[in-house]
Amino acid sequence: MKKYQEYKQVDYPQIGEDILQYWKENDIFNKSVLNRDGAETFTFFEGPPSANGTPGIHHVMARALKDIFCRYKTLKGFQVKRKGGWDTHGLPVELQVEKELGITKEDIGKSISVEEYNQKCRETVMRFKNEWDDLTEKIGYWVDLDDPYITFEADYIESLWSLLRRLYDKNLLYKGYTIQPFSPAAGTGLSSHELNQPGCYRDVKDTSVTAQFKLKGEENTFILAWTTTPWTLPSNSALAIGENLDYVKVKTFNPYTYEPMTAIMAKARIGAMFNPKAKEISLTDYQAGDKLIPYEVVAEFKGRDMLGWEYEQLFPISGIALPHPAFTVISGDYVTTEDGTGIVHLAKAFGADDFRTLVQHNVPGVFVQDELGNDIPVVDKQGKFLPVVGEYLAAKMQEHGILAHKTFGVDDFYVKNYPNDDENAADYKNTDIIISIILKNENKAFKVEKYEHSYPHCWRTDKPILYYPLESWFIKTTAYKDRLVELNKTINWKPEATGTGRFGNWLENLVDWNLSRSRFWGTPLPIWRTEDGTEEMCIGSVAELQQEIEKSIAKGFLEKSPWEGKEMDLHRPYVDDVILVSAKGQKMFREPDLIDVWFDSGAMPYAQWHYPFENEDIFKANYPADYIAEGVDQTRGWFFTLHAIAVMLFDSVAFKNVIANGLVLDKNGNKMSKRLGNAVDPFKTLKEYGPDALRWYMLSNANPWDNLKFNLEGVAEVQRRFFGTLQNTYNFFALYANLDHFVYDKSKAVPVNQRAELDQWIISKLQTLIAEVESAMDNYDATKATRAIMNFTVDQLSNWYVRLARKRFWRGDMNADKQAAYETLYECLLSLTQLMSSFAPFYTDWLYKNLTASSKNKLESIHLTDWAGADAGLINKDLEESMDLAQRISSLVHSLRKNPKIGIKVRQPLQRILVPVLNEKTKRQIQHLEELIKSEVNIKAVEYIDDASDVLVKSVKPNLPVLGKKLGPKMRFVVAAINSWGKVEIAEIEKNGKITVPLEDGNIELLLEEVLISSQDIPGWSVASDQGVTVALDVTLTDELRQEGIARDLVNRIQNLRKDMGLEVQDKIRIKVAKHDELVNSALSNFAPYIQTETQALSLEVNGSLTDGTILDMDDFELMVKIEKV
RNA sequence: GGGCCUGUAGCUCAGGUGGUUAGAGCGCUACACUGAUAAUGUAGAGGUCCGUGGUUCGAGUCCACGCAGGCCCA
């Protein structure tokens, strides 16, 4: 029986399926974890995918990346528990359900109950779980699929509630408001998703105003600010400038009142605000009513000089008076000079940027108080001004005699959601226009014009949306900003820039985490409040909720628990049905919001173990994570929520190492999408190429954090070039090992130092490779590791070691040298299976089985082995350098032989090569492998030219990095001098160790180490050189060399004939050759023994009368030969 | 609009701390090998290092401003 199975063809997808089956049957994954019981843990957190869609090829990337480090750490001796998980809540699920049912949000609670709706969501969200599990298995991602965490389960939600409760107890959970898109016509907030639907943004013409804000303490001086929403001007409470922008004061006249004034604006906007034709006009020539208005810049300053400037309130409405620092100039990081005046008007209630900027600078906004004393904006939810502003505007209309299409009452000033008045009616005016006219009349408007821009509209009502403050619950992340930043610096980010840049900047500009979502399918906010908002309660566990329910039942607020006789489902609508009793005995209702799904996933370190209610020991042993990996798009998603919760509640990082991987694009660099049809089906790809080549390609082709241009041809190339070469190497080994009945036995192996030089070299290279892979993997650099493995396998092991060692395998009987060759090749292959096993888990396990089929000490799987590590004692750098020289010299000789002017094939032996050597070390290193070089390039001798020979011609180059520091600007002169040196100067600096270079402004002394001396020329010879190695080839052909060449050619032709005749390797033959010229005849007689040995010929006869032979093409001549099988 | 990433041969990618002539694989061309053979080896051709300025004796590398593609956030 064969010890090592040989394969004609390898079916990689089949290997994937077979090994997967083997793993399942033998429970290998579990064993790989249980094996390490008691060992140090290496913790990995699975970022939960959502199973409501089918997995794509990019999931293969993400999951392979997760898998390899877990496998690697397992080999290294850690216990790596990997719990799978599913993300189940969120808007995409809701939208999918709505699409399938053909309903909208408005139908929920009407045509479909919340209960039915949520039931539908629950069914939908796990719809493709089977496909996901299938892919996970097929690509070899080892993760516990039997006991995953699922974010909709009651235990999971309970853990979330306890976390929220802890935040609440730390006063980090509060109710506030945020500026959100709001549809006044529909009376509802809109998600950004709804806003991004096609057709939502439309070009509309709005009245825009450049308003004049009068500077306090200066006569007729105004700050100009532009807005496309004049209705927000009564709510103005500050103006923002860019600190580094240039601003000017310009003397001019108001175009509507013709009054002289000084305008303040960005310098870059002068051209837009004034007509350049008026530039030459003198201010004194101006007559009221002139079309061209002269202007003159009278001062220039930076934005930062304006900080703190105070101005008068634009609309001094009684009831709207604000304390300092309202009505001052502040800094806004987003201010540009691309439009407007370079100064931005801020209204806290109606712009997210405005809100953020004003909060940052502690500037109050314009609000009035409702009956309960809460701040409310001056525009109501129907989209019209409150009477406080309405009265003011109505009065101003009268005062200025403004005629409109109708009489405006105090309740008629809609700012959006205009009533359906006829816009073509005579004197039609909307609120924006009325405001503009008032401003014009009061010398407060510098410019009023129609402006066309893109503005979002409500997809249901087609009316423009309003940015409006809506109530929300927040986590006060800003309170922990410094700590978040500080702990982030301890995280090892791959790539680093994502941590310092994208994530770091995000933390630097942190705002409080808006937790509220007005939806149905998600984790409910566990906060109950009295109707007047004076009392509230945050529930932190199911037990506590039940206790409170008991109290409420006792009080008579509830008849019974909504879960009586049912399984506890903490979703809506059940939680909404719960009315609790406050400390003062009032009814408390649940705050209707759900929480951001990102809190679900950010809480997985705790909730996956139902901590703190269960599994405290497991949680503690597995926190924080040593490693996580997810797409870079998760930076502000999962990476942030993990980090935020960990820092705020546990004063810890949630993960120590993280890879943020890039996207998988199609081969042209476009985003893959099912719609465009360029998405790659992972199942199809797996079926065609198997999992290993796919994983290997994805990890080796580009760094995972760069986007991957996925190309199937690349997968094919990896398979052919890398896996194919490795497989060939194995087949080669198996073929001969079986013939020789070789079985590897470590205890009987020839000690490495007694093996051939070539063996020692490849073993040394192997150890170097192991160290390299280990260091790359410890640094979470998979790409570097895979590339190093490929280089070793293809270039060193297959193309050099196997090629040069081939003859040792097929010659003669088993002896120590042959055994050493087998052992060496075997050890390389076995090591490779382990090195590669994290990346190509199926193929390597298969190869491991093939290699160890007859071994005594084999394990069930490569994945159950212990990492072998590099044996530093087997690394021989000197030998590696030596071989490197030999490889380069061989390559140079090949290159010379191939030179069209020379054109001598390798089979033709040549007498010698000359190698200039400038030091003893190089000479020794080359000499060491002289035999190898000689046989590789078919030459008889290597000769060295050194200082002792007068043939050696040296050349000299400046050592730039060294000289640059010393010389600086004088470099170019010195370099020119050095380049002009000849024999004399080189000899001088070599002898004295220094030389003096004359320059125009004095002499400079150069030291030997400041120049590089090499030899690149041998007069009269054909030379080739590469990186300091130079070789000359003696192309003289003597008769003897020619004869040998002929003999070798003949062997080559006869071997072909043997093959054509279908002879077996061991078959013997007799050769008859027709007589030819003297040279050929001599070759035949002189090299007869050689020819016979090579061709297994018992006799070689030169026969003058041979006529029925085969005519051989010997390149330069023809020869008749006859071969007979014995 | 802001932050971040990417841009090097036809394609996919390498190119610490600036250093004279920018590398690899695939593909292409030619040759070799024919006892790893539906393999393999060797060599050759192929580059405005996205552009424009700047710093420097010297820039693919550092700086600034752009351009193109991408991600995230507004």
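Within every chain, numbering begins at 1; the chains are lettered A, B, ... in the order of the sequence lines, protein sequences first and strands thereafter.
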Please report the distance, rounded to the nearest Å, between OH in A/Tyr697 and C1' in B/C26.
12 Å
Testing the 3.5 Å rule here: is there a donor-acceptor pair between the side chains of A/Asn850 and A/Tyr7?
yes
Provide a list of protein-nucleic acid N or O atom pairs under 3.5 angstrom, restricted to nucleotides 67-71 of chain B.
from: B/G70; atom 1: O2'; to: A/Asn707; atom 2: ND2; distance (Å): 3.3
from: B/C71; atom 1: OP1; to: A/Lys671; atom 2: NZ; distance (Å): 3.0
from: B/C71; atom 1: O2'; to: A/Arg502; atom 2: NH1; distance (Å): 3.3
from: B/C71; atom 1: O2; to: A/Arg502; atom 2: NH2; distance (Å): 2.5

Between P of B/A74 and CG of A/Asn514, the distance in whole Å:
10 Å
Quick check: are there more than 12 heavy atoms from other residues, nucleotides or ligands sitting under 6.0 Å from CD of A/Gln360?
yes
Spacing of A/Phe723 atom CZ relative to B/A38 atom P, expressed in whole Å
22 Å
From the list B/U34, B/U6, B/G35, which nucleotide is the closest neighbour of the side chain of A/Asn1052?
B/U34
Expressed as a whole number of Å, how far does the C1' atom of B/G35 sit from that of B/G47?
42 Å
Tell me the partner of B/A24, counting only Watson-Crick (N1-N3 plus N6-O4 or O6-N4) or G-U wobble (N1-O2 and O6-N3) with both under 3.5 Å; none if nothing fits.
B/U12
Taking the same atom, P, in B/U20 and in B/C26, what whole-Å distance lies between them?
27 Å
Could you work out which one of B/C5, B/G35, B/U20 sits closest to the side chain of A/Tyr736?
B/G35
Interatomic distance where CD belongs to A/Gln719 and P belongs to B/A38 [whole Å]
17 Å
Quick tally for nucleotides 39-44 of chain B: nucleotides whose base has a protein heavy atom under 4.0 Å get B, sugar-phosphate-only ones S, the rest -, giving SSBBS-
Rounded to whole Å, the NZ-C1' distance (A/Lys784 to B/C13) equals 15 Å
Does the separation of the ring centres of A/Phe732 and A/Phe809 fall below 6.0 angstrom?
yes
Rounded to the Å, how far apart are A/Asn509 CG and B/C73 P?
15 Å
Would you mind pulling out the nucleotide paired to B/G1, Watson-Crick or G-U wobble, both distances under 3.5 Å?
B/C73
Any strand: nucleotide that pairs with B/G35 via Watson-Crick or wobble, under 3.5 Å
none
Whether over 12 other heavy atoms sit under 6.0 Å from A/Lys481 NZ
yes
Aromatic contact, A/Tyr826 with A/Phe733 (centres under 6.0 Å)
yes
Gap in Å between the two C1' atoms, one belonging to B/G7 and one to B/A43, rounded
31 Å
Find the partner of B/A64: check Watson-Crick (N1-N3 plus N6-O4 or O6-N4) and G-U wobble (N1-O2, O6-N3) distances, both under 3.5 Å, and reply none if neither fits.
B/U52
Counting only Watson-Crick pairs (N1-N3 plus N6-O4 or O6-N4) and G-U wobbles (N1-O2, O6-N3), all under 3.5 Å, who is the partner of B/U42?
B/A30
Phosphate-side-chain proximity, A/Asn703 and B/A14, N/O vs OP1/OP2 below 4.0 Å
yes
Please check the phosphate of B/C13 (OP1 and OP2 only) for any side-chain N or O of A/Asn701 closer than 4.0 Å.
yes
Ring centres of A/Phe639 and A/Trp506 under 6.0 Å apart?
no
A/Leu510 CG to B/C73 P, in whole Å, measures 15 Å
In whole Å, what is the span from the CD atom of A/Glu1010 to the P atom of B/U20?
17 Å
Distance check, P atoms only: B/G23 and B/U48, in whole angstrom units.
15 Å
Base, backbone or nothing for each nucleotide of nucleotides 60-66 of chain B, written B, S, -, heavy atoms under 4.0 angstrom, 5' to 3'?
-------
